Structure formats: C-alpha cells, structure tokens
Protein chains: 4
Amino acid sequence: MESKVGRPRSERAREAVLHAVDDLLVEVGYAAVTMKGIAERAGVSRQTVYRWWSTKAEILLEASATDAEEELTVTPTDDPLADLTTYLQALINFLAHSHAGSAYRALIGEAQHDPEVAQLLAGKDILGSSARAVITRAVPTYDTPEALELATARLIGPTFFAIMTGRDPRQLDPQALARTFFA
Amino acid sequence: MESKVGRPRSERAREAVLHAVDDLLVEVGYAAVTMKGIAERAGVSRQTVYRWWSTKAEILLEASATDAEEELTVTPTDDPLADLTTYLQALINFLAHSHAGSAYRALIGEAQHDPEVAQLLAGKDILGSSARAVITRAVPTYDTPEALELATARLIGPTFFAIMTGRDPRQLDPQALARTFFA
Amino acid sequence: MESKVGRPRSERAREAVLHAVDDLLVEVGYAAVTMKGIAERAGVSRQTVYRWWSTKAEILLEASATDAEEELTVTPTDDPLADLTTYLQALINFLAHSHAGSAYRALIGEAQHDPEVAQLLAGKDILGSSARAVITRAVPTYDTPEALELATARLIGPTFFAIMTGRDPRQLDPQALARTFFA
Amino acid sequence: MESKVGRPRSERAREAVLHAVDDLLVEVGYAAVTMKGIAERAGVSRQTVYRWWSTKAEILLEASATDAEEELTVTPTDDPLADLTTYLQALINFLAHSHAGSAYRALIGEAQHDPEVAQLLAGKDILGSSARAVITRAVPTYDTPEALELATARLIGPTFFAIMTGRDPRQLDPQALARTFFA
DNA sequence: CTTTAATCGAGACGGTACGTCGAGTCTTAAG
DNA sequence: CTTAAGACTCGACGTACCGTCTCGATTAAAG
C-alpha cells in the first residue's frame, strides 16, 4: 500500500535517470557508469537515485528490459527453419550490436560475481523466454519442460558462447546454426 | 629478453600473490578482491603487485590458467561419444564447481565491459582449445577452421549458456548433450 | 557568498582538524605532520580535510594565526624604550618558545622552497604588522612607508636572524636590542 | 680512519652528484629535489648516494658551501662604511639572487623543523663568520664575543628578515642599512 | 697473478603518504 | 514526504619516494 500523503514521486526524475543510464552506457561503457554519474547526468540528487534503486544493475535492467523483449520478438511464419533463422539473426544483433544487448551482457557478467545481480536476472529470463516462444511454435513436440530447456540451450548456446567469448559475430551464420538445431 | 642486472625478481613474492588471489576469490568473491587486499594478504607491497601485473584480472588469469587446462584435458579412448561425454562432464565441473572455473567465469564477465580483459582472454582461448582437441579426435572430418569453430560452439555453447545464465548445473546431462552434438 | 543549500559545514570537523594539527606539530614536528595523520588524529575523513584546505601549511596558518597576533600584541605605556623592550621580549618568546611561533617558523621555512606557502604568508604579515603598531606609537616620526619598513626590519631582524639560525635565545637581551634601535 | 683495500671511491660519482643537486635545485626547486632524482640525474645508483650522504640537506650543503663563502667575501678598503655597504650588497645578492643563496635559504628553512639539518648548519655558520670578518675590521672595538654576536645580528638581521619573509629585495638599500649599523 | 675487499650500476623489495574517486549516508531548506 | 544540494565517513585507486636489499661486474691493493 502506497502512502498518499506528502510530495508524490517525481515521474520526471524517474525518466531522467533511466535515460541517463542508457546514454552513459553508450558513451562511457558499463564499467564507468557510476551512481554518482547517473545522478549528475540526470540532474537528480544522488539520494533520489538510491531511494528508488539500490544498484546500477537494477537501473540498467529496468532501462533495457523492454527494449530487449522487442528486439527478440519474431513474427511467426509457416516456415520453422526461417523462423529460427530470423530469431538467431535477431539474437546476434541483440547480443553483439544493440545497446540493450550490451547492457544485458554486462549484467550477465556482473552476475558471475554478484549474487544479487544473479538473482535479479533469474527473475527475468529474457533470452530463455523469447527462445521458448519460437521453439514451441517451430517444433511443437518439445513439450516437456526438460526437452524445452535442452532445446533452448541448444538454440541459444552456440551464439551466446561465441559472442560472450569475444569471437567475431560476422563469422556467425544464422541459417547454418538453425540447421544444426534440427539435425 | 630478461635483464640480468639488478636484484632478481622474488619468486616468493610471485607465488604469494598468486596464492593470495586464489584464496581471496574463494573467500570474498571476485568483486571484493582488490589490489590492496591481494598485496596485504600476500604480505607483499602494493608496488610489487603493480610492478608485475596491472589488473586483478591479469593475476587471476595467471593464477588459474594452468589449473583450467588440466581440468579440461581428457585422455582419449576409442569411443567418440564417450570422449565427448567425459569432456562435457569435465566442462560442467569446471564451470560450475571448480575454483579455476569461477575465476574464468569472473573474467568472462569482466571482459563484457572491460576491453583490456577481453583482449587478455582472447590470447588464451582456454575453452576453445580444449574443445577443439576433443572434437578433432572424435570427428576428424571437421577439418576446416570454419567447421571446427561451429562445432566448438555447438559443443560448448549449450553448457556454457546454461551455467552462465544461472541455471541449475545438476539438470545438465552430459550424455544427452553429447548425443545432440552428433545428431 | 556562501551557498545556503545542502548540508552545512561541520563545525566539529573544522575544530577537530585545527586542534589535531596543533597537537601533532608539538608531538612529531612539522616534517612528520601529514594530511593523512591530521585526518586520523582529528577523527575526520581525509576527503573532508582536502575539501577545506589544500596543504598542511594552510591548516597550520589558520590554526595559529590568532594565537600569534595575541602573543605579539603589546599594551602601550608612556615609555617608548620600555614598549620596544616589552615587544622584543614577546617576540623572543613567540619565536623561540611558543607553539604558534614554532608553527610560524616552520611556515617561513617552507616558504623558502614552496611559492604557494610564500604567497600564503605574504597575505598575513604577522610579524611586520605587530612591529609597525609598536613603532608607530614609539617613534611617530617614522611616517613614510619606506622609513617604517626599514625600521621594522631593524627592530625585528636581529632577533629573527639569531633565532632562525639556531643561536641560543637566552643570549638575547631585549633591552640591549631596543637601545640599538634608537641609537 | 679510511680503509686502503677495496675499490676506491669514485671521484666521478661524487662530482656528478654535487652537480646534479645544483642543477636540480635551479630547475625544480628544493622541495622537488629527491634522493631518487639526484641519483638518476647524476647517472649514479641510489645506493651510492646513500653511501656517502644521508640526506639531501647534506649534499646541498656540500654542493654550495664553497660558493657561499666566495660570494660573501669582501676585499677590505680603508673606508669602513664602504666595506659594510659592499658586504650588505653581497649579502643581498647572495640571499635573494644566487643559487648558493637559495640553497642556503632552503637549508635554514629545513632546519626549522629538522634538528639534524639544524645541527648540520650550526657547524658551518656561513653568514655569521663572513659578517664577523667584516665587522672586526671595520669596528675593531667590538672585541668581546657578546658584542660581536650582537653586532653580527644587527648587521645581517634586517636584510635576512626582509628577504626570508618575502619582501622585495630591490627595496633594500645597502648604504642606508650600513649607516644604521653605525648610528 | 690471484685473492680479497670495497666499490659501482641496476633494479626489486616492503613501507607509507600522496591526492582523487566512488560508494553510501546524513543534514539542511524548499516544494 | 520528496526533492536538490552538498557535506560526511569509508576505503580503494594508482603513483611517488623512502631507505634497504641483492645481484653481477669493476677496481686496486695485499698476499
């Protein structure tokens, strides 16, 4: 239950923070994004940032989650192979080239040594859920949770591995990857 | 070429630092490992640490690279499927349960937002080279660089993805994963 | 013009620093007084010290300027020679035996090789102004700036020289010095 | 007693250090002269510097003492006032404008907060001895140690004070100062 | 002509202060 | 009760100089 008395939360401040974090990520990179920097860029006091978010990971997640979902949504056709290919192309673009993607990679990275970030990400399985949607439609026989989980890892894993370990994304061929999924 | 004049580097200090960083990683986690902390734990001056390494990532890599190689080396048999299964099991153990593995995950994470760390890792493709060794033996027909690269991503990717995104490693079945590689 | 918004400066911190620097000067000597040491002794963060003062010289000057003025102020009588004698005795006590005096000597010393300290001291001619006050009253005929400046140097100089070059202050006879001033 | 066996002290190294300290004093100022810097500038190992001198003050004193003596030596005439005037002019030049003088001022400054430097200087009363020589010749009646000491302070003091406290040396009139000495 | 002993250079070592930065928290006055 | 402003404590950053040490290489007198 939210209190009704007192000055209400400033929507202006909230948006300013989210935009600031987005801008800063592009301009200076994740590592150089600081709570102090966000506050100054947003023209907002530091206390205000801390009042609503406790880490930069939280802000980043809120700032890029919707973008991520959009970028990974594929409009289905009747051709399963084409759908998977399209999805993989979107995945490559997302991870290797988009702002939301680099935020996501930074968060995954942070999660490797920060349990709080790990838990934060566990609640929003962005990659997994988008992949499951595509797989369920393309191969309806993967209907048990275990099969679906394995299929998800097989679909996303190779691309995810290649990009996270710094391989050249131009070498990735979405169609070839899609074919090996069916093989 | 190493200089021969002057006081020689202290092997004692070098080892103390590498052990300290290993211990600290386990005790406090990557994020809380600091250059200062390493120096104090090793009983070594801060200057000495900076003289030989410029970041904690460098120290960590030097401290765990040999362990990683050992843990991912598989003695070959005549059964390709068994070899791949053994390798995948080793990979799961490495990434999810070993010290060297958690150091590696931390480094991969850091590499997502620190180009220097990324370059550092690019020079030591620990996972890739171990996988290529196994694949070349099990499926000699993957003989072009492109085919080998794709095969590597297909072999490691699913496991890598599952563990890096926080999925439960006990759900991973190395034999099932190996079979899908051949499929 | 001082800002009115934001948390006001902590008077407690300011005083703690000034006292700390005074104490440390006596205990360990000027050379061993460090910004870090001051902060720790004052129970104040290093950042706070740097926020308000940029060198230990600045702190020392602020800490001892008022004391110095007091110690060098002479209540006038009708006897010029007695007034000068009293003043010279005060000057000897100040330079050779008081805390504020040893702070002043340290600052004069630092000023010989630090232009910033020199400029700092130029703005507060502690010795000169106290001497001018006494001279103007005792010998009203020194009324041009040049004459006053020369008289100041003649009054203070011998004592200043003797103490700064490490001569025994007990050998200094204020009355004899005062007499030579009139001669 | 000096040992006769072993490699003899390198005269080349000794001179290189003394020259280096002279040069550095001019170029970077006393405060920025460091033992490390001296060694590097002299092309000599740090150990070698420490072997023969324990502080930079010692080196500086050795490097400038002879210069100081020369600069303050006055060839006597038959005119006492002229001799004192000449001496005071030399004193002003020395303290305000010469290299040896700025070294001396730096040492006097250091002596205010470093007892070792104070003792070092006590053994070489550069200013005092040069002044005594002039006074003894100009006013033979100052023949007791006390009278001589007072006269020395009266002769040097005003100039010393004016320059050490940062007054403009061009305002100092050696002849006027000499006259007040006799008055 | 070979010890022997002190020198020299180079450069690594453990310390400690430097001045800066970001993290979070706290204290004002204004809305 | 929120907000902007800004001071506060804390602790790591990377650098610099301190004075000491350990090397191998010189250099000269003593055996």
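In what follows, every chain begins at residue 1, and chains take the letters A, B, ... in the order their sequences are listed. This structure is a prediction, so every number in the text was calculated from the model and none was measured.
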query: With respect to the phosphate group of dG11(E), does any side-chain polar atom (N or O) of Trp52(B) fall under 4.0 Å of OP1 or OP2?
result: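 No, Trp52(B) has no side-chain N/O under 4.0 Å of OP1/OP2 on dG11(E).
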Rounded to the Å, how far apart are [X] [atom1] and [N] [atom2]?
X        : N       : atom1 : atom2 : value
Arg14(C) : dC8(F)  : CZ    : C1'   : 17 Å
Trp53(A) : dA23(E) : CH2   : P     : 15 Å
Arg9(B)  : dA10(E) : CZ    : C1'   : 17 Å
Glu40(B) : dC13(F) : CD    : C1'   : 13 Å
Arg41(D) : dA10(E) : CZ    : C1'   : 20 Å
Glu15(B) : dC13(E) : CD    : P     : 13 Å
Arg51(D) : dG9(E)  : CZ    : P     : 9 Å

Non-neighbouring partners of [X] that pass salt bridge (charged side-chain N to carboxylate O under 4.0 Å, His left out), sequence neighbours left out:
X        : value
Glu15(B) : none
Arg46(B) : none
Glu58(B) : none
Arg12(D) : none

message: Need one value for Arg12(B): base, sugar-phosphate or nothing, where a base atom within 4.0 Å counts as base even if backbone is also close, heavy atoms only.
response: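 The residue Arg12(B) makes sugar-phosphate contact but no base contact.
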query: Using a cut-off of 4.0 Å on non-hydrogen atoms, how would the nucleic acid contact of Thr48(D) be classed: base, sugar-phosphate, or nothing?
result: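 Thr48(D): backbone/sugar contact only, no base atoms under 4.0 Å.
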message: Main chain of Asp67(C), side chain of Ser64(C): is a donor-acceptor contact present, judged purely on distance under 3.5 Å?
response: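 Answer holds: no.
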- request: Using a 4.0 Å heavy-atom cut-off, write out nucleotides 16-23 of chain F from 5' to 3' as B (base contacted by protein), S (sugar-phosphate only) or - (no contact).
  value: BSBBBBBB
Pairing residues for Gln47(C) by the side-chain contact (heavy atoms from CB on, under 4.5 Å) criterion, not counting sequence neighbours: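 Checked Gln47(C) against side-chain contact (heavy atoms from CB on, under 4.5 Å); matches are Ser45(C), Arg51(C).
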